[in-house]
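Remarks on the structure that follows.
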Amino acid sequence: MSDYDLFVIGAGSGGVRASRIAASHGAKVGIAEEYRVGGTCVIRGCVPKKLLVYGAHFAEDLQDCVKFGWDIEGKSFDWAKLRDNVAAEVDRLEGLYRQTLGNNDVEIFECRARLAGGGKVELSDGRTITADKILIAVGAEPFIPEIEGCKDHAITSNDVFHLPELPKRIAIAGGGYIANEFAGIFNEFGSKVTIINRSDQILRGYDEQMRDRLLQISMTKGIDFRFNAKFKKVEKQGDGSLLLTMDGCDDMEVDQLLFATGRVPNTQDLGLDKARVETEDRGAIKVDEYNRTTAEDVYAVGDVTDRIQLTPVAIREGHAFADTQFGGMDRTIDYDNVPNAVFSHPPIAGVGLTESEARNKLGGQIKTFTSDFRAMKNVLAGRNERSLYKLVVDASNDRVVGIHMIGPEAPEILQAAAIAVKAGLTKSDFDETVALHPTMAEELVLMR
Ligand code: NDP
């Protein structure tokens with residue numbers, strides 16, 4: 001007899017969902033978490049980041065409101081107030097996550113856990129647990145390349161929510177999601193932001209026109225970019241500032257350096273060898289479509305498997321795992337047409353194939369439709385910032401195979417539009433839908 005039917009390592013999005021669903025199917029479940037319940041998304045990722053994005057956006061709203069007749073005297077921004085309010089909201093959500101686990105009789109172990117082989121898990125408090133099935137859901141952690149002085153002086157997205165004060169000058173290494181989101185946030189708060197990327201593009205994998213538009217708008221807003229630039233050394237100076245010695249661009253002096261150069265599976269010191277759980281090159285746990293690892297009765301979901309590093313994907317994987325193993329169902333995940341967004345200023349959102357992916361995949365048999373427009377609110381506000389929407393259509397059957405957008409509320413709009421792509425709707429279906437006027441989203445059905 002094992003102590004548990006299921007023991008989960010990591011109480012993030014995937015682990016919590018798997019625990020709750022397995023328990024609802026009648027399993028006896030334990031879960032270990034070494035930090036805080038909720039994982040990256042709730043504690044130091046999507047949720048606090050989005051709250052900072054909202055906070056930052058007021059900077060523009062407070063400028064734009066003047067043209068709408070509002071006159072706000074003496075406006076000022078208090079970083080500590082926002083930071084602490086966000087932290088309090090994170091505490092509240094963590095409480096709800098704990099409550100959910102408790103309500104489902106999932107026992108929480110607040111310590112680090114590692115596999116010991118043979119259905120055993122060792123806890124850092126000295127206990128050993130046995131379980132019929134073990135689920136690894138430990139997520140990923142920020143990757144910082146080996147550069148002299150970097151590990152000592154650079155911060156990552158883990159630290160950014162706790163800064164004692166706003167940096168006057170911040171350099172952000174990387175040109176992906178996190179770099180562009182925090183560039184927007186700090187720029188709106190008044191920091192001087194420089195993005196430094198090793199390649200000559202931002203947001204690799206996103207539709208080229210959307211990336212170009214974000215780059216152009218970001219530069220107009222005052223964000224600096226250094227491309228094809230490499231870090232040689234990072235040193236702390238007497239006044240507390242950081243000296244960045246660079247290759248490919250001028251050296252730079254900043255107050256903070258944020259590294260956003262990807263996230264790697266959190267598989268170190270997890271006892272994978274003992275349990276014979278194999279990993280891929282980047283340390284990701286190898287799994288099959290049912291989240292089975294190479295070891296019997298050991299499973300993995302979420303970022304630790306490095307399939308698609310997104311919260312809703314981890315949640316689905318955790319849910320499918322629990323339904324399959326404990327609910328008598330046969331469930332796998334469809335990874336096609338997963339919508340995604342970058343909460344930059346303005347945000348980008350996309351689903352399906354980009355134009356170049358569609359060209360490669362469909363042998364050039366595609367049509368594209370774009371709408372390049374200035375949102376009504378921006379026009380009155382005198383904000384010269386244009387939105388861009390694009391439909392990518394398979395010319396052989398008229399199906400919309402990709403939607404890409406940059407502009408205010410793009411992620412909110414795209415979530416609904418993604419249903420149409422997932423359902424395989426055609427450009428004619430879009431055309432036949434009457435516009436909802438006046439909205440930005442109506443552009444989706446007005447492109448000809
Ligand atoms: P990304 O993979 O988005 O971007 C990484 C960036 O770092 C790229 O610009 C890449 O350059 C650069 N880079 C990679 N390795 C190195 C290196 N060794 N030296 C220098 N530069 C390097 O990673 P992020 O850290 O921004 O985000 C991690 C993941 O978290 C994302 O992939 C995403 O899945 C998830 N996430 C999702 C969000 C959302 O859904 N809104 C928000 C935040 C994170 P190059 O241009 O050459 O590739």
Side-chain angles (χ1 to χ4, degrees), residues 12-14 39-54 139-148 150-151 154-161 171-185 194-206 208 210-211 214-215 218 225-234 244 246-249 257-266 281-284 302-315 317 335 338-351 405-406 410-412 414-415 418:
S13 302
T40 300
C41 174
V42 176
I43 305 296
R44 49 193 178 189
C46 326
V47 170
K49 180 275 309 287
K50 184 76 186 279
L51 292 170
L52 293 189
V53 169
Y54 281 130
E141 58 179 352
F143 162 73
I144 301 187
E146 289 297 331
I147 294 160
E148 193 184 331
C150 242
K151 293 223 161 88
I155 59 169
T156 68
S157 55
N158 287 350
D159 313 301
V160 81
F161 304 104
I172 305 181
Y177 283 82
I178 296 177
N180 283 284
E181 291 180 345
F182 279 102
I185 289 168
T194 308
I195 286 191
I196 301 172
N197 200 22
R198 64 173 177 186
S199 64
D200 61 356
Q201 51 181 293
I202 58 169
L203 293 170
R204 194 147 49 89
Y206 268 82
E208 212 164 307
M210 307 299 138
R211 292 194 258 138
L214 179 63
L215 181 60
S218 298
F225 289 83
R226 303 276 185 275
F227 289 118
N228 300 313
K230 277 195 186 137
F231 286 80
K232 282 197 338 217
K233 199 170 24 166
V234 179
L244 316 182
M246 305 297 303
D247 194 1
C249 72
L257 170 61
L258 168 64
F259 255 80
T261 43
R263 293 174 60 84
V264 285
N266 204 358
D281 293 348
R282 268 168 45 97
D303 287 1
V304 76
T305 63
D306 203 16
R307 285 172 282 188
I308 301 182
Q309 288 187 348
L310 293 177
T311 298
V313 173
I315 290 174
E317 289 169 353
Y335 293 94
V338 172
N340 46 59
V342 186
F343 294 94
S344 42
H345 279 81
I348 292 185
V351 65
M405 314 168 65
I406 178 169
E412 300 289 345
L414 186 100
Q415 175 68 85

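Side chains included, hydrogens not; waters and symmetry mates left out as well; all remaining heavy atoms used. Start at 1 and go down the list; that is how both ligands and their atoms are numbered. Note that the coordinates shown come from a computational prediction; the quantities given were computed from them, not determined experimentally.
Contact check on Glu148 versus Lys232 returns no salt bridge, with no Lys/Arg side-chain nitrogen under 4.0 Å from an Asp/Glu carboxylate oxygen.
For Arg44, the salt bridge (charged side-chain N to carboxylate O under 4.0 Å, His left out) test picks out no residue, with sequence neighbours left out. For Arg198, the salt bridge (charged side-chain N to carboxylate O under 4.0 Å, His left out) test picks out no residue, with sequence neighbours left out. Residues meeting the salt bridge (charged side-chain N to carboxylate O under 4.0 Å, His left out) test with Lys151, sequence neighbours left out: Glu146.
Annotation: side chain of Lys233 is not in contact with side chain of Ile147 (no heavy-atom distance under 4.5 Å). Put simply, the side chain of Tyr335 reaches to within 4.5 Å of the side chain of Val313, judged on heavy atoms.
Residue-level contacts of ligand 1 at the 4.0 Å heavy-atom threshold are Lys49, Phe143, Pro145, Gly174, Gly175, Gly176, Tyr177, Ile178, Glu181, Asn197, Arg198, Ser199, Gln201, Arg204, Ala260, Thr261, Gly262, Arg263, Gln309, Leu310, Ala341, Phe343.
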